Chemist: 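Please find one structure pasted underneath; my questions will follow.
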Amino acid sequence: MPKTVFLGSDHAGLNLKAALVAHLAAAGHKVVDLGPTEATSVDYPDFAKLVCRNVLDAPESAGILVCGTGIGMSIAANRIGGIRAALCVNEYLARMTRLHNDANVLCLGERVIGAGLAASIADVFLETGFEGGRHQRRVDLIESCGLAAPL
């Protein structure tokens, strides 16, 4: 099911983000590239915050964040209340984080995976729904921790 996907990166994730923008648009998703557009050094937390703000404002959407490893983006995104970001390096992790954690942001590392694998991971992430049931209680517990900063 096509959905709105907000993408952002830092300078180290620029090329993979561009490949994902093209892939997801060709697959019929509404793609919103929130930058950057040049390889000049930028700070990944700024783009994590921008993508996450948009995801929170559009609940049926998803976010994809790309940096060199995906680690910095996942740490920054998970500091924001209401965001459940997952760093995935294969399709299985993408499927499970949607099924069991209702993740709303996918984090990827350009220096870790290639464009073909990243596209496949993104496809699985966007096509997989949340299983709910016993997992909803756990997602609710995550959200009630009160540790994440609101935007």
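Here the structure is a predicted model, which is why all the values come from computation and not from measurement.
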Chemist: Please evaluate residues His11 and Thr40 with respect to the criterion side chain to side chain contact (heavy atoms under 4.5 Å, CB included), reporting the C-alpha separation (whole Å), side-chain torsions for both, the decisive distance (0.1 Å), and the verdict.
Modeler: CA-CA 6 Å; His11 54 281; Thr40 306; over 6 Å; no
Chemist: If two hydrophobic side chains count as joined below 4.5 Å and joins carry through other members, does Phe130 share a cluster with Met96?
Modeler: no
Chemist: Indicate the atoms forming the closest heavy-atom contact of Cys107 with Met73, along with that distance.
Modeler: SG-C, 4.0 Å
Chemist: With a cut-off of 6.0 Å (strictly less than), are more than 12 heavy atoms of other residues, nucleotides or ligands near CZ of Phe6?
Modeler: yes
Chemist: Using 0.5 Å steps for rounding, measure from the SG atom of Cys67 to the CZ atom of Arg111.
Modeler: 8.5 Å
Chemist: If you round to the nearest 0.5 Å, how far is OG1 of Thr4 from NZ of Lys30?
Modeler: 4.5 Å
Chemist: If you look at every heavy atom in Ala86 and Ala103, which pair is closest and at what distance?
Modeler: CB-CB, 4.4 Å
Chemist: So if I apply the side-chain contact (heavy atoms from CB on, under 4.5 Å) rule between Val21 and each of Leu16, Ile64, Val32, Asp33, which one comes out positive?
Modeler: Asp33
Chemist: Between Val112 and Ile75, is there shared hydrophobic-cluster membership here, with clusters defined by ILVMFWY side-chain heavy atoms closer than 4.5 Å?
Modeler: no
Chemist: Leu126 and His29: side chain to side chain contact (heavy atoms under 4.5 Å, CB included), yes or no, with the steps?
Modeler: CA-CA 10 Å; Leu126 296 171; His29 295 284; 3.8 Å; yes
Chemist: Evaluate side chain to side chain contact (heavy atoms under 4.5 Å, CB included) for Val105 paired with Cys52, printing each intermediate quantity in order.
Modeler: CA-CA 8 Å; Val105 174; Cys52 292; 4.3 Å; yes
Chemist: With heavy-atom distances below 4.5 Å as the criterion, would you say the side chains of Leu87 and Ile71 are in contact?
Modeler: yes
Chemist: Rounded to the nearest 0.5 Å, how far does CG of Asn90 lie from CD1 of Ile113?
Modeler: 9.0 Å
Chemist: Contact between Leu7 and Val31 at the side-chain level, heavy atoms closer than 4.5 Å - yes or no?
Modeler: yes
Chemist: Can you tell me how far the CD atom of Gln136 sits from the CG atom of Leu141, to the nearest 0.5 Å?
Modeler: 10.0 Å
Chemist: Show the nearest heavy-atom pair for residues Lys3 and Glu60, with the distance to one decimal.
Modeler: CE-O, 3.4 Å
Chemist: Name the residue from Asn104, Val5, Leu108, Leu106 that meets the side-chain contact (heavy atoms from CB on, under 4.5 Å) definition with Phe125.
Modeler: Leu106
Chemist: Report the distance from atom OG of Ser61 to atom CG of Asn54, rounding to the nearest 0.5 Å.
Modeler: 7.5 Å
Chemist: Is any side-chain heavy atom of Asp10 closer than 4.5 Å to one of Pro36?
Modeler: no
Chemist: Nearest 0.5 Å please: distance from the CD atom of Glu91 over to the OG1 atom of Thr128.
Modeler: 10.5 Å
Chemist: Given the rule that I, L, V, M, F, W and Y join up when any side-chain heavy atoms are under 4.5 Å apart, are Leu20 and Leu117 in one cluster?
Modeler: yes
Chemist: Under 4.5 Å between side-chain heavy atoms, hopping through other hydrophobics if needed: is there a path connecting Tyr44 to Leu50?
Modeler: yes
Chemist: Please check this pair: side chain of Thr97 against backbone of Leu93, looking for a donor-acceptor N/O pair closer than 3.5 Å.
Modeler: no
Chemist: Would you say that Asp123 contacts His23 through its side chain, given a criterion of any heavy-atom pair below 4.5 Å between the two side chains?
Modeler: yes
Chemist: How about Asn15 and Glu110: do any of their side-chain heavy atoms sit closer than 4.5 Å?
Modeler: yes
Chemist: If I compare all heavy atoms of Ala77 with all of Ala48, which pair ends up nearest, and what's the gap?
Modeler: N-CB, 4.2 Å
Chemist: Walk me through whether Glu131 and His100 qualify under side chain to side chain contact (heavy atoms under 4.5 Å, CB included).
Modeler: CA-CA 6 Å; Glu131 200 170 81; His100 291 185; 3.7 Å; yes
Chemist: Answer yes or no: does atom CZ of Arg138 have more than 12 heavy-atom neighbours from other residues, nucleotides or ligands under 6.0 Å?
Modeler: yes
Chemist: If we only count heavy atoms from C-beta on, is the Asp46 to Val42 side-chain gap below 4.5 Å?
Modeler: no
Chemist: Apply salt bridge (Lys or Arg N to Asp or Glu O under 4.0 Å) to Asp102 and Arg98, showing your working.
Modeler: CA-CA 5 Å; Asp102 197 20; Arg98 287 291 304 129; 2.9 Å; yes
Chemist: If you compare all heavy atoms of Ile80 against all heavy atoms of Lys49, which two are closest, and at what distance to 0.1 Å?
Modeler: CD1-CA, 3.8 Å
Chemist: Please tell me whether Val124 and Val66 are part of a single hydrophobic cluster in this structure, the criterion being side-chain heavy atoms less than 4.5 Å apart.
Modeler: no
